[in-house]
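Notes for the one structure printed next.
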2 protein chains.
Amino acid sequence: MCTVANNNPSTTRPHSRVEPLNEPDNVLPGLSIDNLIFGLDHGQLKIMLVKHNVGPGKGKWALPGGFIKQNENLRDAAARLLEELTGVRDLYLEQLKTFGRVDRFPNERVVTIAYYALVSAENYTLVAGRNTSDAMWFDAKDLPELIYDHSEIVDHGLNFLRHKVCHEPIGFNLLPEKFTLLQLQELYEAILDVKLDKPNFRRKMMKMNLLAPCNEKQKGVPHRAANLYRFDSAAYERLTDKGFSFEF
Amino acid sequence: MCTVANNNPSTTRPHSRVEPLNEPDNVLPGLSIDNLIFGLDHGQLKIMLVKHNVGPGKGKWALPGGFIKQNENLRDAAARLLEELTGVRDLYLEQLKTFGRVDRFPNERVVTIAYYALVSAENYTLVAGRNTSDAMWFDAKDLPELIYDHSEIVDHGLNFLRHKVCHEPIGFNLLPEKFTLLQLQELYEAILDVKLDKPNFRRKMMKMNLLAPCNEKQKGVPHRAANLYRFDSAAYERLTDKGFSFEF
DNA sequence: ACAAAAGTGTTTAGTGTACACCCATGC
DNA sequence: GCATGGGTGTACACTAAACACTTTTGT
């Protein structure tokens, strides 16, 4: 999908102790970023992982992350690292939480700031980049063993997502730009692991006035074609200004 | 309220550049913690601040914070710093967000992890500690100028609190152990800056089954004495296990 | 007796839930 | 014509909001 920069020679920090970190020396010491990227693919919640081919976790799966440059804001670092490792760019990354258990990282103290984003998995082709031999989507319910404390980050992120999706209209980011109401319903069912009533779900969503009809229908389905909608973010802004609060 | 440890000599890091940080050298470089402590005092939302008497912000008010030791988990560091600077201990500190703008700190790159807690301000006497000349509560609506990006942290924290208090029963932490329904209502009114209907508020709260009556009444009030209640955290656990979700 | 806050009852509008039903389309 | 999902209607229980009302207690 996009080209991958590779301008960071793998130098080792002077005070690294046992296993070299391959941490370039223009980065902040002892502080890293990890990205938890959620995707939705055919109604299944996915998480983006990369396989390390250098460093203390060589050969293991991990969240795409790395180190922060001296002159780089945190979110910019998260975006750069994600692109370098997976080829994915232009996501709306938000901070999740900072993880800093003393022994979370081998041999050194490294605190990591986790960021998250939600995307329609179908739109993103992953390309392994610097220091990674592979990058792919995994089903959130069936993840491989992860490096360091990354499973803890994922668990925290999943709980956070389940909570967040009920209180803010972020779920829409998991869908393609144009979607049907059933896709939206299936999204909620996938994340919350519940079964919802179709007519009631429709009405609830429609009443919020956050869906703009595309005046377009599904194509190539073996049944009546559904109307396509977009999430109307301008309408959402207007409503929140007036005190509206999204509650699913 | 409690004694203050003072066992950290004010050494200066070798690579500090212009204004010395007084950062002891057994701490993580470039990473700090700041505590945003909310209190409620006579129906007013307060925030705990300290006045720096050393370092780049000498003479200015700040959130109580400092540096993390090599062998210290993040929350432990937050708790230790809070006690060292204000004498306050045993709070339930939770992570708020990490702030890392490149230029948030003068002359050096320092990323700070913000923690927050909610307490009944009346229960805590503040005692200035190491490196601080003063520690006191300020009205959240009338704060002095703050050091670095601490105003940004406070703004973020206030928004977070307003949101959180509607979705989780954390507001109770701002009250004394035994409280009346009117105190609880005034708390919500103070945080959300709204006026609520007394009868409806009562019923809403009572129906949640989260308040345990103390079988005790207010004393020394010039009117009918109200019943006192405690927040029943065991009941809350039981309810959440069954899928109950606190929504105010 | 009065003020001040505690606490109750009642009406009304609106919301959430369950489920029966009709509609459009591809095979 | 029938399966499949799209989409509507409706009855009922429950909740939220507004506000009039009674109760208790200190001064």
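Computed over heavy atoms, backbone and side chain alike; hydrogens, waters and symmetry mates excluded. The sequence lines fix the lettering, A, B, ..., with proteins before strands; numbering per chain opens at 1.
- For the pair A/Lys198 NZ and D/dG6 P, the interatomic distance rounds to 5 Å; values are reported in whole Å.
- Separating the CZ atom of A/Arg224 from the C1' atom of D/dG7 is a distance of 5 Å, rounded to the nearest angstrom.
- Between B/Asp134 and B/Lys51 there is no salt bridge, since no side-chain nitrogen of the basic residue lies less than 4.0 Å from a carboxylate oxygen of the acidic one.
- Take the nearest nucleotide of DNA chain C for B/Arg202 and for A/Asp197: the residue whose nucleotide is more 5' is B/Arg202.
- Proximity of B/Asn227 to the phosphate of C/dG7: a side-chain N or O atom is located under 4.0 Å from OP1 or OP2.
- Side-chain rings of B/Tyr229 and B/Phe179 stay apart, their centers remaining 6.0 Å or farther from each other.
- Between B/Arg101 and B/Glu152 there is a salt bridge, since a side-chain N of the basic residue sits under 4.0 Å from a carboxylate O of the acidic one.
- For A/His223, taking side-chain heavy atoms from C-beta onward, the closest of the listed nucleotides D/dG9, D/dA16, D/dG6 is D/dG6.
- Distance from the side chain of B/Arg203 is smallest for C/dT10 among the nucleotides D/dT15, C/dA6, C/dT10.
- B/Lys178 NZ: 12 or fewer foreign heavy atoms inside a 6.0 Å radius.
- Following rounding to the nearest Å, B/Leu182 (CG) and C/dT8 (C1') show an atom-to-atom distance of 16 Å.
- Whole-Å rounding puts the B/Asn200 CG to C/dT8 C1' distance at 12 Å.
- Straight-line distance from the CZ atom of B/Phe248 to the P atom of D/dA16: 10 Å, rounded to whole Å.
- Going from atom NZ of B/Lys204 over to atom P of D/dC14 covers 19 Å, rounded to whole Å.
- Atom P of nucleotide D/dG9 and atom CZ of A/Phe201 are separated by 19 Å, given to the nearest angstrom.
- Rounded to an integer number of Å, the gap from A/Gln218 CD to D/dT4 C1' is 12 Å.
- Toward the 5′ end of DNA chain D lies the nearest nucleotide of A/Lys217, the other residue of the pair B/Pro199 and A/Lys217 mapping further downstream.
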